[in-house]
Amino acid sequence: LFYKLIEDFSKILPFNKPFIAGREIEYIKEAVASGKISGGGAFSSRSENLIRDSFSLGKVLLTTSCTDALEMAALLLDIQPGDEVILPSFNFVSAANAFALRGAHIHFADIDPQTLNIAPAEIERLISARTRAVSIVHYAGVACEMERISEIADSTKSAIVEDAALAFDSYYIFRDGTRKALGGIGRFGAFSFHETKNIIAGEGGAIVLNNEGDIEKAEIVREKGTDRAKLFRGEVDKYTWKELGSSFLPSELTAAFLFGQLELYRNIQNKRVALWNRYRDCLSDLEKEGCFKLPFIPSYATINASVFYLICRNEKERNGLIGFLLERRIKAVFHYLPLHLSPYYLKNSKIYKLPVTEDICARIIRLPLFYELSNEQVDYIADSVRQFFKRI
Ligand SMILES: *Cc1c(COP(=O)(O)O)cnc(C)c1O
């Protein structure tokens with residue numbers, strides 16, 4: 001049984017595996033045959049419109065990555081040296097880089113121990129008249145407390161940037177019961193189509209512009225700071241350097257692959273959510289026994305199955321579990337080292353403590369979750385987790 005479970009994976013069950021869902025390769029051939037494989041072609045607009053319409057978002061522009069979408073957001077906000085930005089330390093490095101590149105002063109916030117998302121009280125502690133942006137992460141696709149965060153950010157007219165890299169097809173449910181897709185609530189949203197995410201294109205991303213006033217400048221920033229997009233539409237007869245910008249436009253090859261996935265996103269998501277639920281069902285009795293904590297989904301959030309994680313009792317058990325799973329040929333990983341303790345940040349900042357972030361980073365473990373994972377493999381992984389806790 002063991003070899004059957006892992007035979008396709010050269011004898012190790014990987015943490016992630018890129019996949020083909022449908023017509024990705026066919027669409028790449030179609031793009032080449034069309035005579036245009038640089039950015040801004042038919043597959044790019046089809047992808048952008050599909051994302052916009054499926055999730056009732058504002059304008060969507062594909063980017064070369066989520067990192068680049070965040071850099072665009074910092075450029076569009078015209079962040080200046082000395083401006084202050086608040087972000088969670090339990091975070092991927094991209095948003096920190098995006099604002100640091102503009103010379104911003106970064107304040108790292110602690111997280112809520114239940115959701116692992118930025119704690120609104122921490123934003124209240126750090127916000128001031130100098131704050132220009134609050135850049136949040138919907139960790140594991142579980143919504144941040146958007147209404148509270150919006151109230152706090154609005155009080156100083158700070159922009160909200162939603163890092164929705166892990167939050168494709170997930171929602172925030174408002175107090176009045178209505179819901180809105182993540183990435184569509186702040187002034188800017190940023191998606192990732194990196195090979196480790198739910199919908200993939202190798203490297204890729206998108207910026208969501210929820211404020212109409214940002215659209216024209218965003219097209220310029222994405223096209224090296226020029227109005228080339230207008231030239232393509234025949235609105236101007238030459239293009240010039242208008243703003244600070246860069247090359248944030250993905251090729252049609254990327255967009256073609258992406259569209260092959262996007263048109264099947266419902267199937268992909270249904271499969272992932274079923275695997276996620278299976279993990280939870282297999283492991284809930286161990287949670288009741290107190291072995292670890294499973295992901296907590298508050299009443300205002302939905303599940304998009306981007307990450308399945310456990311919070312162990314302590315770092316020693318977490319590391320022991322990673323080692324034990326590896327002996328059983330399963331690759332499980334931890335997540336994020338706290339950014340407020342990173343070597344680059346500490347070059348320019350005094351050391352301080354964010355107790356929840358430091359504690360969670362030492363205890364979290366993520367289990368394999370990808371489109372081609374089978375139910376039997378989930379059972380094998382869950383059983384391996386069970387064996388570990390039986391032995392200690
Ligand atoms: C993956 C990820 C990113 C980076 O996405 P890229 O498309 O690789 O740039 C940023 N933020 C979070 C929370 C992520 O998970």
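Just follow the structure's listing: the first ligand is 1, and inside any ligand the first atom is 1. Atoms considered below: every heavy atom in the structure, side chains included; atoms not considered: hydrogens, waters and symmetry mates.
- Put simply, CD1 on Ile322 and CZ on Arg366 are 9.5 Å apart, with the number rounded to the nearest 0.5 Å.
- Counting heavy atoms under 4.0 Å from ligand 1, residue Thr67 touches it through both backbone and side chain.
- Every atom of ligand 1 is numbered from 1 in the order shown, and the set under 4.0 Å from a heavy atom of Gly204 is 7 (O).
- For Glu195 (side chain) and Ile200 (main-chain N/O), no donor-acceptor pair under 3.5 Å exists by modelled atom type.
- Counting protein heavy atoms only, atom 3 (C) of ligand 1 is closest to Phe92 CD2, 3.4 Å.
- Taking atom 7 (O) of ligand 1 as the reference point, the nearest protein heavy-atom neighbour is Ser192 OG, 2.7 Å.
- For Asp285 and Arg386, the salt-bridge test passes: some basic side-chain N is under 4.0 Å from an acidic carboxylate O.
- Checking only distances, Asp163 does come within under 3.5 Å of ligand 1, N or O to N or O.
- A salt bridge links Lys353 and Glu358; the closest N-O separation between the charged side-chain nitrogens and carboxylate oxygens is under 4.0 Å.
- In this structure, Phe191 falls outside the shell of residues with a heavy atom less than 4.0 angstrom from ligand 1.
- Between Lys230 and Glu219, none of the side-chain N atoms (NZ, or NE/NH1/NH2) sits under 4.0 Å from a carboxylate O, so this pair counts as no salt bridge.
- Taking a 4.0 Å cut-off on heavy atoms, Ala190 fails to register as neighbouring ligand 1.
- Here the closest non-hydrogen pair linking Ala21 and Ile268 is CB-CD1, 3.8 Å.
- Ligand-side atoms of ligand 1 in range of Val137: 13 (C), range being under 4.0 angstrom from any heavy atom.
- Annotation for ligand 1: atoms under 4.0 Å from non-hydrogen atoms of Leu166 are 15 (O).
- Summarising the geometry of Leu294 relative to Phe292, their closest heavy-atom pair is CD2-CE1, 3.8 Å, with the distance given to 0.1 Å.
- Taking every non-hydrogen atom of Tyr336 and a distance limit under 4.0 Å, the qualifying atoms of ligand 1 come out as 13 (C), 15 (O).
- Protein heavy atom nearest atom 1 (C) of ligand 1, with residue, atom name and distance: Lys197 NZ, 1.7 Å.
- With a 6.0 Å radius and a threshold of 12 heavy atoms from other residues, nucleotides or ligands, Lys36 has its NZ atom above the threshold.
- Across every non-hydrogen atom of Tyr171 and Thr302, the tightest pair is N-OG1, 2.9 Å.
- Between Cys66 and ligand 1, an N or O atom pair is found at a separation short of 3.5 Å.
- Proximity of Ala165 to ligand 1, defined as any heavy-atom pair under 4.0 Å, is confined to the side chain (atoms from C-beta onward).
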